[in-house]
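What follows is a set of notes on a single structure, which appears directly below.
In what follows, every heavy atom counts, from backbone to side chain, and hydrogens, waters and symmetry copies are set aside. Chain letters run A, B, ... following the sequence lines, proteins first and then strands; every chain starts at 1.
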There are 2 protein chains.
Amino acid sequence: MDLLLTYDVDTTSPAGQRRLRRVAKLCEGHGLRVQKSVFEIIADEKTLLTLLHDLDQIIDSDTDSIRLYRLPADGFDHVQTLGIAQVQPHRGDLVL
Amino acid sequence: MDLLLTYDVDTTSPAGQRRLRRVAKLCEGHGLRVQKSVFEIIADEKTLLTLLHDLDQIIDSDTDSIRLYRLPADGFDHVQTLGIAQVQPHRGDLVL
């Protein structure tokens, strides 16, 4: 399924900056970074549960925020963009 | 329809900081801010077109990025959250 994960991590402390890096690195292993705090992720239920568990271990639940939205099928292909944003290829459907 | 709007605005200049404020203010008129750069928006096609047009007038298309995702029906109600993130009430369905 197509998922959109967005996060706000409080980076006013060095510990927060470390958490941000760890969250970003974890998400990079699961999807494509399309903005500073936005990842497009394709995952099944099991992988999703693991991801949420791992994120929960990293963040400070008193200051940080993670939101995960389920998109319709092929939701990534129907994103509307402005500026430098682009539709990102998933599932190896890039035409070379 | 339920929409998720995310943005990255380059704030390394005072002009960029102004653009960020203008983008946020415009989006606040259309939906709920759920993270620093993420808005949940309910809009019809006409309002959406107007919003995209207005955003396009504000941003610097060489540096800024706006992405707009269409969620399934009641997509906001099925967001999964960690930390301080909460499901936000839309459509006046808040139980008091």
Side-chain angles (χ1 to χ4, degrees), chain A residues 1-12 16 19-20 23 26-27 32-41 43 45 48-49 51-88, chain B residues 1-12 16 19-20 23 26-27 32-41 43 45 48-49 51-88:
Chain A
M1 55 194 165
D2 287 8
L3 306 166
L4 198 71
L5 188 147
T6 68
Y7 55 79
D8 265 351
V9 173
D10 176 13
T11 55
T12 53
R19 291 198 306 278
L20 180 68
V23 167
L26 179 58
C27 291
L32 291 177
R33 191 175 204 162
V34 293
Q35 284 179 344
K36 282 180 194 158
S37 304
V38 180
F39 278 81
E40 294 181 350
I41 292 172
E45 291 288 348
L48 172 57
L49 283 177
L51 174 61
L52 287 171
H53 172 269
D54 292 347
L55 287 168
D56 206 28
Q57 300 296 309
I58 295 173
I59 67 167
D60 181 335
S61 59
D62 293 327
T63 61
D64 305 336
S65 159
I66 288 180
R67 306 181 74 84
L68 189 104
Y69 296 87
R70 293 172 188 235
L71 300 187
D74 298 326
F76 297 146
D77 299 331
H78 299 105
V79 60
Q80 287 178 275
T81 62
L82 295 176
I84 59 172
Q86 294 189 332
V87 178
Q88 298 290 329
Chain B
M1 55 196 166
D2 289 7
L3 306 165
L4 197 71
L5 189 147
T6 67
Y7 56 79
D8 266 351
V9 174
D10 176 13
T11 56
T12 53
R19 292 198 306 278
L20 180 68
V23 167
L26 177 58
C27 291
L32 291 177
R33 190 175 205 163
V34 292
Q35 285 179 343
K36 283 181 194 159
S37 304
V38 180
F39 279 82
E40 293 182 351
I41 292 171
E45 291 287 350
L48 173 58
L49 283 176
L51 174 61
L52 287 172
H53 172 268
D54 293 346
L55 286 168
D56 206 28
Q57 300 296 308
I58 294 172
I59 67 167
D60 180 335
S61 60
D62 292 328
T63 61
D64 305 335
S65 158
I66 288 179
R67 307 181 73 85
L68 189 104
Y69 296 88
R70 294 173 187 233
L71 300 187
D74 298 325
F76 297 147
D77 298 331
H78 299 105
V79 59
Q80 287 177 274
T81 62
L82 294 177
I84 59 172
Q86 294 188 332
V87 177
Q88 297 290 328

Task: Residue, of B:S65, B:G75, B:G83, B:S61, that accumulates the most heavy atom pairs under 4.5 Å with chain A - done: B:S65
Task: Pairs satisfying salt bridge (Lys or Arg N to Asp or Glu O under 4.0 Å), at least one member in residues 53-66 of chain A, at least two apart - done: A:R19-A:D64
TODO: For the residue pair A:Q35 and B:R67, establish whether any side-chain heavy-atom pair is separated by less than 4.5 Å.
DONE: yes
- [ ] Any chance you could measure A:L68, atom CG, to B:T81, atom OG1, to the nearest 0.5 Å?
- [x] 10.0 Å
Open item on the list: Can you tell me which portion of B:L55 sits under 4.5 Å from chain A's heavy atoms? Options are side chain, backbone, both or neither.
Closed with: both
Task: Rounded distance [0.5 Å steps], NZ in B:K36 versus CG in A:D10 - done: 6.5 Å
Open item on the list: Under a 4.5 Å cutoff for heavy-atom pairs, which residue among A:T63, A:L3, A:D2 has the most contacts with chain B?
Closed with: A:T63
Open item on the list: I'd like to verify something: which residue of B:V38, B:I59, B:V34 has the highest number of heavy-atom pairs under 4.5 Å with chain A?
Closed with: B:V34
- [ ] Look up atom CD in B:Q80 and atom CG in A:L5, then write down how far apart they are to the nearest 0.5 Å.
- [x] 10.0 Å
- [ ] Specify which of B:L4, B:L71, B:L48 makes the most heavy-atom pairs with chain A at under 4.5 Å.
- [x] B:L4
Task: chain B contact via A:I84 - which portion, at a heavy-atom distance below 4.5 Å - done: both
